[in-house]
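This one's a predicted model, so the numbers in the text were calculated from it and none came from an experiment. Along the sequence shown, the residues carry numbers beginning at 1.
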Amino acid sequence: MLHSLKKATEQVKGALSYYRRISGRLDFRIDEELYSLDTKSLEINTLIVVKELFYDDADEFTPLLLDVYKNKDAPCVAFSYIDFYLFCFHLNSEKAFFNGYKNMMTYAAQNGVYPSFSFESKVKSKDRHIFSDYHP
């Protein structure tokens, strides 16, 4: 688990370095058509999805993610496949998704550890965020 997350954070760092080197415009191709995107006003948020991620091991993976946040000035959150699915399922609007994302990132930055999360209000824990208030 930690090996794939290390590789993913290195990829994120490389992508952020590339993004900051370009001159405010990202050009890319889909099939044969060339697209151009103005990047000057974009807010950067990074998201990593890996096969497995156990929040019981948050003290091991948190430094990798917070390193991206601190050294690349970009918030970074990671999910397992199933957690990402649940996050998207329950926070099924763009606004709700980014509120949940920012809530997790704020908690991690303030507490030095990423929280586990739940969408069930009956689950209580000091290290577990309840996102039921974000559900539309």
Distance in Å, T46 OG1 paired with M105 CE, rounded so as to fall on 0.5 Å steps: 8.0 Å
Enclosure of Y85 OH (heavy-atom neighbours >12, cutoff 6.0 Å): no
ILVMFWY network linking L86 to F54, side-chain heavy atoms under 4.5 angstrom: no
Shortest non-hydrogen contact between R25 and D27, atoms and distance: CG-OD1, 3.8 Å
Reported CZ-to-NE2 distance for the pair F97 and H90, which is rounded to 0.5 angstrom: 13.5 Å
Donor-acceptor contact present, side-chain Y101 to main-chain A96, <3.5 Å: no
Per-pair distances, 0.1 Å, donor-acceptor, side chain in residues 57-77, under 3.5 Å, sequence neighbours excluded:
unit_1 : atom_1 : unit_2 : atom_2 : d
T62    : OG1    : A58    : O      : 2.6
T62    : OG1    : Y114   : N      : 3.1
D67    : OD1    : N71    : ND2    : 2.2
D67    : OD2    : K13    : NZ     : 2.5
K72    : NZ     : S17    : OG     : 2.7

Ring geometry between F79 and F87 (parallel below 30°, tilted from 30 to 60°, perpendicular above 60°): tilted
Side chains of R29 and Y35 in contact at under 4.5 Å (non-hydrogen atoms): no
Side chain proximity check, L26 to Y18, heavy atoms < 4.5 angstrom: yes
L91 and N99: CA distance, side-chain angles, deciding distance, side-chain contact (heavy atoms from CB on, under 4.5 Å) verdict: CA-CA 9 Å; L91 304 177; N99 281 341; over 6 Å; no
Donor on one side chain, acceptor on other, S80 and D83, under 3.5 Å: yes
Same apolar cluster (I L V M F W Y, side chains within < 4.5 Å links), F28/V12: yes
Side-chain (D38) to main-chain (K40) donor-acceptor, under 3.5 angstrom: yes
Side-chain heavy-atom pair L47, F84 within 4.5 angstrom cut-off: yes
Smallest separation among heavy atoms of L5 and A78, with atom names: CD1-CB, 4.0 Å
Short side-chain to backbone donor-acceptor contact, T9 and K6, under 3.5 Å: yes
Minimum-distance pair of heavy atoms, taken over all atoms of P115 and Y107: CD-CD2, 3.4 Å
